[in-house]
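Heads up: the structure comes next, in C-alpha cells.
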Amino acid sequence: MNKVAKTRTAVIDTIEVAIGDERNLLELIRKAHIELPTFCYHSEISVYGACRMCMVEVEGRGIVPACSTAAADGMVVHTNTKQIRDMRKMIVELLLANHDQSCTTCPKSGDCKLQKIARQMGISKVRFKQRENFPELDLSSDAILRDPKKCVLCGDCVRVCKEIQAVGVLDFAGRGANSMVMPCFNKGIGEVECVGCGQCVKVCPVGALTPKYQTGEVWNAIHDEKKRVVVQIAPAVRVALGEHFGFKPGTTTTGQIVTALRMMGFDMVYDTSFAADFTVIEEGNEFLARLNKGEGLPLLTSCCPAWVKFAEQYYPDMLSNLSTCRSPQQMFGALCKEKLTKELGIPREELVVVSIMPCTAKKFEANREEFRTQGNKDVDYVLTTQELAVMIRERGIEFDKLEPGSFDMPFGFKSGAAVIFGTSGGVSEAVLRYASYVTGSGAFKEYSSLRADEGIKITEVAAGDARLRLAVVSGLGNARRLIDRIRRGEESFDLIEVMACCGGCINGGGQPVSEDRHTVLQRAKGLYDNDKMLQIHSSQENPYVQKLYKEDLNEHTAHALLHTEYKNRKRISGEEIVLSNQEQNARLKLDICFGTSCFIRGAQGLYTKLMEYVRERGIADETEFKVSFCGEQCKKGPNLSVNGKEIHHCTIEKAIEAIERII
Amino acid sequence: MSEHIPLEERKRLFDACMTQYKARIVICAGTGCDAGGSLDVFDTFIDYIKEKGLSVAVTLRKERGDIGISRSGCQGFCQMGPLVTLYPQGVLYTKVQPGDVAEIVDETLLRGRLIERLLYQAADNTPVADTAHIPFYARQRRTVLKLCGNIDAQDIDEYIANGGYMMARKAFVTMSAEEICTLMLQAGLRGRGGAGFPIGRKWDLTRIQKSDVKYIICNGDEGDPGAFMDRCVMEGNPHSVLEGMLIAAGAVDATEGYIYVRTEYPLAVKRLRIAIEDARRAGILGADVFGSGKAFDIQVMEGAGAFVCGEETALIASIEGKRGMPNPKPPFPAEAGLFGKPTVINNVETLASVPIVMQLGADAYAAIGTEKSKGTKTFALTGHVANTGLIEVPFGATLRQIIGDIGGGVMSDDGTNCSINLKAVQIGGPSGGCLTKEHLDMPLDYENLTAVGAMVGSGGLVVMNNETCIVSLARFFMQFTQNESCGKCVPCREGTKQMLNLLDDIIEGRATGETLELLEQLATTVKFGSLCGLGKTSPNPVLSTLRYFRDEYNAHVFDKRCPAGRYKAFNIYAVTPEKCRSCGLCAKKGPVYAISRNPAGAVSAGERGGLYQIDKDKCIKCGACAESCKFGAVAIEGRGE
C-alpha cells in the first residue's frame with residue numbers, strides 16, 4: 001500500500017522549516033540559519049543544558065531550552081521575544097560578573113565566545129557585583145595552560161575528556177557559586193593523567209584552556225645571534241593554517257607558510273614529512289619482522305604522544321606491543337641535530353629545532369627525557385598551528401598576499417605516503433604501501449577502506465600471500481573500547497593505528513577551532529590531494545631517505561636516533577622516598593612497599609624492625625632503604641625487595657634470612 | 001527462612017497479646033520530644049514500674065507483662081512535649097519530665113486519677129484530658145498521621161493489626177497494574193512533594209514503558225528548612241511508606257525500590273531499615289511477595305547533605321554515584337530514570353497516602369478536599385504561633401482555621417497572643433511565597449495558592465508576627481537557596497548569588513531604586529531560565545514579598561529605615577535632652593568619638609558642661625552608648641527604650 005509520508009514541519013520565527021533527523025530543536029533552529037548562541041552545546045558530546053542561552057519560546061509550552069527539547073510537528077517557535085532577549089543578556093552579564101576582566105591580554109581574545117556573544121548582544125554594562133578573588137594559573141602541564149579565572153563552567157571540557165577521550169581528568173568540585181572545574185584534588189593537570197591531547201582546548205569556548213604558548217621562547221631563539229634556528233612543519237598544519245587567514249578548510253597553503261617562516265627569521269625551513277618517510281620504513285620493517293616471528297602482535301603505532309602516554313598509563317603490560325619507532329617529529333629532531341651540527345660545525349646547543357604541530361601533546365613529547373642527547377633536547381620547542389598564526393600576525397605579515405616558497409633540502413623532500421600521516425588511516429596506508437613493496441605484491445596502491453570517516457575502521461588487506469587484519473582507531477574512547485575487546489579475546493589484529501584525536505592529527509588540540517563537522521573532512525581531503533600531486537607515493541622511493549640510510553645510518557645509529565623506550569606510568573606520583581643514608585653502591589638494597597594494602601598488612605612494623613636489625617648488625621652504612629608506593633602485588637603483601645629479589649608475605653624472619661644470605 | 005504467617009493471623013496474635021496488658025503507656029519518641037528528654041522519661045517509667053513490683057514489657061509481642069510501654073513516632077503537638085499517653089483511659093499528659101513519672105504511675109496508672117497540672121490547658125485554662133477535645137487535635141484530620149504517635153514504630157505487627165499491608169496484598173496479588181493506576185487517578189491523589197502532579201498519571205506513564213527492570217524511588221530528602229513532615233512519617237510509621245511503595249510497584253511492574261533518606265535523619269534511616277528487615281522476614285518484601293511469585297525489595301540509601309538532591313534527576317544521579325546535579329527533562333524519569341530505566345519517584349507523604357486511598361476507596365477519598373486537590377495535607381506549623389507542631393488538614397482548610405483554631409493564635413515577641421493578627425505566613429519553604437491577612441479565609445489548595453504567587457510546596461508553614469522584617473525573610477531563604485544551588489546552570493548559580501548581593505545592599509542601606517528594578521528583573525531571569533525546580537522557584541520568596549510588602553522594601557531603599565526595627569544599619573541613635581545628665585559616660589564608651597558635648601552650652605540638668613549629642617554621620621550604630629547610659633537618655637529614634 002502506498003503511504004505518502006507527510007513532511008513534519010515547524011515554524012521558527014515565522015519561517016516554515018522541514019524537520020529531518022535533527023537531534024533537537026537547537027539543531028533545527030540552526031538549520032533555519034538562526035544562530036542561537038550557546039556555551040555548553042557541542043554536537044559530539046552529551047547535552048548538558050546548563051548555559052541556558054538557547055532558551056526559546058514554544059507556543060503552548062512556554063520557555064524551553066532548545067538543546068534538550070525535541071522538534072515536533074506543528075511547533076511554533078519564537079527565538080527572540082523581549083523576555084528571552086532580556087534573559088540572554090542577563091545571563092551573559094552574570095557570566096561577565098564572574099569572569100576575569102583582562103580581555104586584552106588573554107590569549108583567547110578575538111577567538112573567545114564570551115567576548116563574541118557579549119558584543120553580539122550589545123552589552124555595554126555589567127550591572128552586577130564583580131567577583132574579586134580568583135584561583136591561580138595552572139602551569140603544571142607542558143601541553144596545556146589552565147586558567148580557572150576564565151572558566152564559565154560550561155562543562156564542555158569535562159564531557160569531552162570523559163565521553164570522547166575516556167580519560168576524565170577534569171570534573172566539577174565544590175557546590176553552587178564555589179563550584180570549579182578542576183583535576184582531582186585540585187592538582188595541576190600536568191600532575192594527573194592528562195595525556196595532553198588538547199581536545200579540551202578545542203571545545204573550551206573561552207580562555208580557560210589554551211595551548212601552552214612557547215612563542216616567546218621561539219622569538220628569543222630567532223633573535224639570538226648565536227643560534228641557528230630551523231623549523232619543521234607537520235602535514236596537518238599545511239591544510240589548516242590558512243583558516244586563520246580566511247582560506248577555506250583543506251586549502252593547502254604550504255608555500256605561503258614557508259615564505260612566512262623565512263620572513264620571521266628561521267634559518268632553514270623543513271618538512272616533518274621527510275622524517276615520516278623514515279618512520280614508515282622503520283615501522284614497516286619492524287612490522288614485517290614481527291609478522292615473520294609471529295611475536296609482538298598486534299603492533300601498535302607510536303607516533304601519537306597522547307596515545308603513548310595513554311598506553312603507558314592504562315595498558316602498561318602492552319608496552320611491548322608499541323612500536324619502538326619514534327614519531328616523525330622526534331626522528332626529525334634527532335636526525336637534523338645529528339647531521340646539521342656536523343655540516344655546520346656547531347655544537348648541539350647552538351642549533352635550535354622548532355616544530356609546528358597541530359598538536360598540544362607534542363609539547364609534552366619534545367620534553368620527554370628519552371629525547372635528549374647529552375642533556376640537549378632533540379626538538380627544542382613546539383608551536384601549535386594557533387601559535388604560528390599569532391606569530392605571523394605579530395610579525396605584520398599579510399599571509400594571503402604572500403608568494404609561495406619551497407622547503408630547504410634535503411630535509412624538505414618527502415613522499416605522498418608521509419604527507420597523509422596527518423589523517424586517521426594515513427600511517428597505516430603509508431606502512432602498507434611500503435610493506436607491499438617489500439613483500440613484492442606490487443607498487444603503490446590506494447587503500448580506500450582506511451579512509452572512511454569513522455572512529456574505528458577494521459579492514460583486511462593482502463600483503464604477499466598473507467592476509468593482514470588492520471584496525472585504525474581515532475579518539476581515545478574508541479581506542480579503549482577496541483583494546484578492551486582485544487584483551488577479552490573478542491578480536492585480534494596484526495596492526496593497530498591509534499590516533500588520540502577523532503579523525504587524526506588534522507583535528508588536533510592545536511588546530512584552528514571550528515564547530516563545523518565538515519572542516520575535518522575537508523582537511524583530510526586536502527592531505528590526500530597533496531599525496532596525489534606529489535611524484536612519489538611510497539616512502540622507500542624517497543632518494544634523500546635512501547641516501548641517508550646508505551651514508552649515515554648503520555643499524556646501531558639508526559636504533560639510537562630513530563627508536564625509543566617506554567615506561568610504566570600507571571602510578572603517577574610519589575614514587576619513591578629514600579629512608580636511609582644512600583650509598584652509591586650499597587651492598588644491601590631494600591625496597592619496601594607502603595601502599596595501602598601492604599601497609600595494613602604490617603609494612604610499617606616490618607620496616608621499623610628491619611631498621612633496628614640493620615643498625616644492630618652494624619651494616620647501616622652499607623644499606624640503602626627505599627619506600628615505594630604500590631608495586632601492585634597487593635594480595636601478597638607485605639612486599640619487600642632485597643637486592644632486587646622480591647619476598648612476598650614478608651615477615652621479619654624471612655627478611656633477615658634473605659639479608660643474612662647476602663652479607 | 002521467612003515466617004509467612006498470613007496477615008490476618010498476625011493481627012489476631014497481636015490483638016490477643018494486647019489483652020494481657022492492664023495498661024499501656026505510649027511515649028512520643030519523635031525527634032522533638034526526644035530533644036525534650038522523652039527517652040529519659042521512658043527509662044524512668046521502666047525503672048519505677050519494676051520498683052513497684054510490676055512487670056513491664058517493651059517489645060509487646062515477645063514479652064509478657066502487666067504494663068506495656070512503647071515509643072511512638074511524632075505525635076505532632078511538639079510545643080507540648082514530651083508527650084505521654086496512657087491507655088486504656090486515653091489520657092494525654094504534656095511536658096512530662098522524669099520527676100513526674102512516679103506520680104503518674106501511682107495516681108493515674110494504678111488509681112485512675114488525673115494529674116491536672118500535666119494536662120493540656122485550654123484557652124480558658126480548663127484542663128483537657130483526651131485529645132478528642134484538644135483543639136489542636138480536634139480540628140485536624142489526621143489521616144496519614146493517624147497511626148504516627150499511636151503505635152510502636154518498630155513493630156510490624158502493630159501496623160498489621162491496624163490494617164497494615166492488607167491493601168498492598170490486594171494490589172500486588174489481585175489487581176492488575178492498570179487497575180491500580182486507574183484507582184489512583186479516580187481518587188485524584190497528587191504528589192505531595194510540591195509539584196502536585198497526579199499520581200495515577202505518573203504511574204501510568206511508567207507502567208506503559210517496556211523494560212525488564214523498573215524502579216520505585218521514595219524521595220525522603222526533605223530539605224526545606226523548618227519542614228519535618230516526612231521525617232515524622234518515616235520515624236513514626238515507616239511501614240506505611242513501604243506499603244505505598246509495594247502498591248506503586250504493583251502499578252508499574254517494578255522489581256526494586258530505593259528509599260533515599262537525607263543523612264541528617266538518622267532515626268528515620270534506622271527505623272526504615274528495621275521495618276524493611278521485618279517485612280522481609282514476614283514475606284512481604286523479597287523474592288516472593290505475599291506468595292505471588294513476583295519480587296520486590298527495597299534498599300535505604302542515605303543522602304550526603306545536598307538539598308538539591310531532592311530534585312528527582314539529581315536524586316537519581318546521586319543514587320547512581322554521580323555528582324548530584326539535575327539533568328534536563330526530557331527524558332523524564334518515567335521513560336528513562338535510574339540507570340536509564342523507567343522509574344517512579346514519589347514523596348514520602350504521597351506513598352504513605354496510597355494505602356489510605358485504597359482503604360477508603362477512590363470515591364471516599366475524592367470526597368475529601370477541594371475540587372482539584374483531593375485528600376489531606378500535612379503541614380509543619382512553626383514560627384510565631386502558640387502551638388507549633390505537625391498537623392494534618394484536608395485541602396480547603398483556611399489559614400484562619402489553621403493558625404487560629406489549631407495553632408492557637410499568633411504570638412508576639414513578648415509572648416502575648418495576638419489572635420490572628422499576623423504579618424505574613426510563608427508557605428512552601430524556600431520555593432514558596434507569602435500569604436497575608438487578606439488570604440486568611442482563602443481555601444488552601446494547589447490552584448488557589450499558585451494563583452496568588454505561592455505554592456503548597458512540601459508543607460512548611462512559617463507564621464510571622466508584625467515584628468518580622470520581611471526583607472530579612474526573603475534574604476534568609478535566598479541565602480539558603482544560594483548555599484544549596486548545585487552550580488550547574490548559570491541563572492541559578494550566578495543569579496542567586498547576585499540576588500543575595502542585592503538583598504544585602506537593600507538591608508545594609510546601600511540600595512537605590514535601580515537595585516529594586518534589577519532585583520525584579522534578575523528574579524524573572526532566574527525563574528524562567530534555571531534548569532531545575534530549585535532554581536526556578538528560588539526567586540519566589542523575593543517576588544512574593546515584593547508583591548505584598550513593597551512598601552517595606554521601599555522603606556529600606558529610599559528611607560533607609562527598617563520598619564520592623566531589625567536592622568542596625570538603619571538605627572539612628574540620639575540623646576533625649578530632658579533625660580541627659582551630662583555625665584559623659586556615653587562619649588567615653590563610644591568607640592569612634594561620635595558623641596560630643598553640645599558646643600552651644602545649652603542648659604541642662606547636670607550643669608557639668610552641656611548636653612551631649614551624637615553625630616549621625618560618624619555613628620557606627622554599635623549601641624554602646626545606649627547600653628552604658630544609666631539614665632536611659634540614649635535610645636534609637638522612633639523606638640523608645
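The basis for the numbers below is simple: all heavy atoms, side chains too, and nothing from hydrogens, waters or symmetry mates. Throughout, protein chains are lettered first and strands after them, A, B, ... in sequence-line order, and every chain is numbered starting at 1.
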Heavy-atom distances under 4.5 Å only: say whether [X] touches chain A with side chain, backbone, both or neither.
| X | result |
| --- | --- |
| D505(B) | neither |
| R493(B) | both |
| N501(B) | side chain |
| S530(B) | backbone |

Checklist outcome for this item: Smallest heavy-atom separation, S179(A) atom then G487(B) atom, equals OG-CA, 3.6 Å

Next on the checklist: Taking the cut-offs as 6.0 angstrom to the six-membered ring centre and 45 degrees off its axis, would you call K488(B) and Y48(A) a cation-pi pair?
Outcome noted: yes

Are more than 12 heavy atoms, taken from residues, nucleotides or ligands other than [X], located less than 6.0 Å from that residue's [atom1] atom?
| X | atom1 | value |
| --- | --- | --- |
| R201(B) | CZ | no |
| K527(B) | NZ | no |
| K536(B) | NZ | yes |
| E136(A) | CD | no |

Item to check | Among the listed options A177(A), G62(A), A97(A), the residue most often paired with chain B at heavy-atom distances under 4.5 Å | outcome: A177(A)

Next on the checklist: Donor-acceptor pair, distance only, cut-off 3.5 Å: does the side chain of R52(A) make one with the backbone of G529(B)?
Outcome noted: yes

Checklist entry - Going through the distances and angles, do E514(B) and R127(A) end up as a salt bridge (Lys or Arg N to Asp or Glu O under 4.0 Å)? => result CA-CA 10 Å; E514(B) 274 178 24; R127(A) 295 172 281 176; over 6 Å; no

Checklist entry - Can you name the residues of residues 68-95 of chain A that have some heavy atom under 4.5 Å away from a heavy atom in chain B? => result S68(A), Q83(A), M87(A), M90(A), I91(A), L94(A), L95(A)

Next on the checklist: Counting only non-hydrogen atoms closer than 4.5 Å, does V152(A) touch chain B with its backbone (N, CA, C, O), its side chain (CB onward), both, or neither?
Outcome noted: backbone

Next on the checklist: Let me confirm one number: the CG-CD distance from L96(A) to E494(B), rounded to the nearest 0.5 Å.
Outcome noted: 10.5 Å

Item to check | Distance (rounded to the nearest 0.5 Å) between R175(A) CZ and M325(B) CE | outcome: 12.5 Å

Checklist outcome for this item: Scored by heavy-atom pairs under 4.5 Å with chain A, the best of C486(B), P326(B), G324(B) is C486(B)

Checklist entry - Does the side chain of V490(B) reach to within under 4.5 Å of the side chain of F39(A), using non-hydrogen atoms? => result no

